[in-house]
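By convention in this document, chain letters (A, B, ...) are assigned in the order of the sequence lines, proteins followed by strands, and residues within each chain are numbered from 1.
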Number of protein chains: 2
Amino acid sequence: MEFLEGKAKFIESWGKMASDWGINRTMAQVHALLLIAPEAMTADQVMEELDISRGNANMNIRALMDWGLVHKQLKSGERKEYFFAEKDMWTVVRQIIINRKKRELEPMIKALDEIASVEPLTPESEHFCEVVQDIRKFSNKANQTLDTLIKAESNWFTNMFLNMVR
Amino acid sequence: MEFLEGKAKFIESWGKMASDWGINRTMAQVHALLLIAPEAMTADQVMEELDISRGNANMNIRALMDWGLVHKQLKSGERKEYFFAEKDMWTVVRQIIINRKKRELEPMIKALDEIASVEPLTPESEHFCEVVQDIRKFSNKANQTLDTLIKAESNWFTNMFLNMVR
DNA sequence: TTTTGTTTTCAGAATATCCTGAAAATTATG
DNA sequence: CATAATTTTCAGGATATTCTGAAAACAAAA
């Protein structure tokens, strides 16, 4: 496969996977582009390469910085801002875990805690409470595990994988 | 909190979380409804409770069966079909892992394998190949780990959590 | 076979999400 | 301060996704 074909395919696949996971496709494509860029890029270069508008490029670069996946680089003597992606895969995954946990898992746990105050007075509400308790326990365990994962070192993560498949 | 309020909140939260994760909101709401239903329900009951159309109910119940999260129950002497959700949380999570792995992770790995045939002939393609290799290694490890998880027993999963937070 | 109850399909409508591009805001430079 | 370069915003347009409802298909019962 040619480099340019591979590059296009990589950007496309990364975007596809992201949109399956509820993440803006273009944001993921910008991320893919910066991941494989050997040097930091300007917003103009991103617009050009992905053929998207200035507003779109700006919005998604900013979102990627919010996620902690992309950083700004200022070059002395230049006014333009340059951007580059975090390349260490474990750090990338960790940042994604941190963000999704905060945005999605924690609100869900909060909602479940409130819901858990329902009294099991009827057969219907009794069953309801049981299901909610199960999910609560599960979510809390997942939350704790993710906290541990977030604190863990890269090699620890590798080791966990190896342990599990052994 | 009152039961009916809790029920509504649960269905709403479950749907919200699902749509964050790229899953149809209504599908998740149907799932939530069946999870907390003490008895199997008909499509009509689902339509009624969630205030959705027949077509929508049918489509999403069917999708949930494809995911292995909902099953059909036939009552003797009745023509209507009844549906109930798998309630064991570990089984639910496992089914979701199985499906998403097959639909998303495996195609990504396949794409990466193809992309990996790019030759690192220039500085740009050299860096590209490095990034792709990193992601490939990571994806393959994740894939193996998920295979192990899928085969694992429920209590093993609990133990893993406990091990990790220790 | 005909009737009746039930499920499935799918074109078009409704909605949610994303993108554009030009203007406004911001910031550096002369 | 005035000018120029750059970034940000956001209303309106474009696109993608989801939903409806009625008709078709199917299947049990008469």
Please tell me which of B:N60 and A:R62 maps to the more 5' nucleotide of DNA chain D, matching each residue to the nucleotide holding its nearest heavy atom.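 Result: A:R62.
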Can you confirm whether [X] sits close enough to [Y] that some side-chain heavy atom of one is under 4.5 Å from a side-chain heavy atom of the other?
X      : Y      : result
B:Q29  : B:W14  : no
A:L146 : A:L149 : yes
B:M65  : B:F83  : yes
B:L74  : B:E81  : yes
A:M1   : A:K9   : yes

Taking heavy atoms of chain B and a 4.0 Å limit, find me the 5'-most and 3'-most nucleotide of DNA chain D within that range.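 From 5' to 3', the first and last contacting nucleotides are D:dT18 to D:dA28.
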Do [Y] and [X] meet the salt-bridge criterion of a basic N to acidic O distance under 4.0 Å?
X      : Y      : result
B:E49  : B:K7   : yes
A:K87  : B:E130 : no
A:K16  : A:D20  : yes
A:K110 : A:E114 : yes

Near DNA chain D, counting only heavy atoms under 4.0 Å, which residues of residues 75-85 of chain A show up?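 Close to the strand are A:R79, A:K80, A:E81.
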Give the residues of residues 51-59 of chain A touching DNA chain D, defined as any heavy atom closer than 4.0 Å, sorted by residue number.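 Contacting residues: A:R54, A:G55, A:N58.
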CZ/B:R100: more than 12 non-hydrogen atoms of other groups inside 6.0 Å: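 Atom CZ in B:R100 is packed in, count exceeds 12.
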Above 12 or not: heavy atoms from other molecules or residues under 6.0 Å from NZ of B:K137?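 Open.
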Could you work out how much the helix from C:dT1-D:dA30 to C:dG30-D:dC1 bends, comparing the axis of its first five pairs with that of its last five, to 10°?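 The end axes of the helix from C:dT1-D:dA30 to C:dG30-D:dC1 are about 10° apart, to the nearest 10°.
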Taking only heavy atoms on the protein side, list every residue of residues 38-46 of chain B lying under 4.0 Å from any atom of DNA chain C, sorted numerically.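 DNA chain C contact set from residues 38-46 of chain B: none.
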Which residues within residues 10-31 of chain B lie with some heavy atom under 4.0 Å of an atom in DNA chain C?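 The answer is none.
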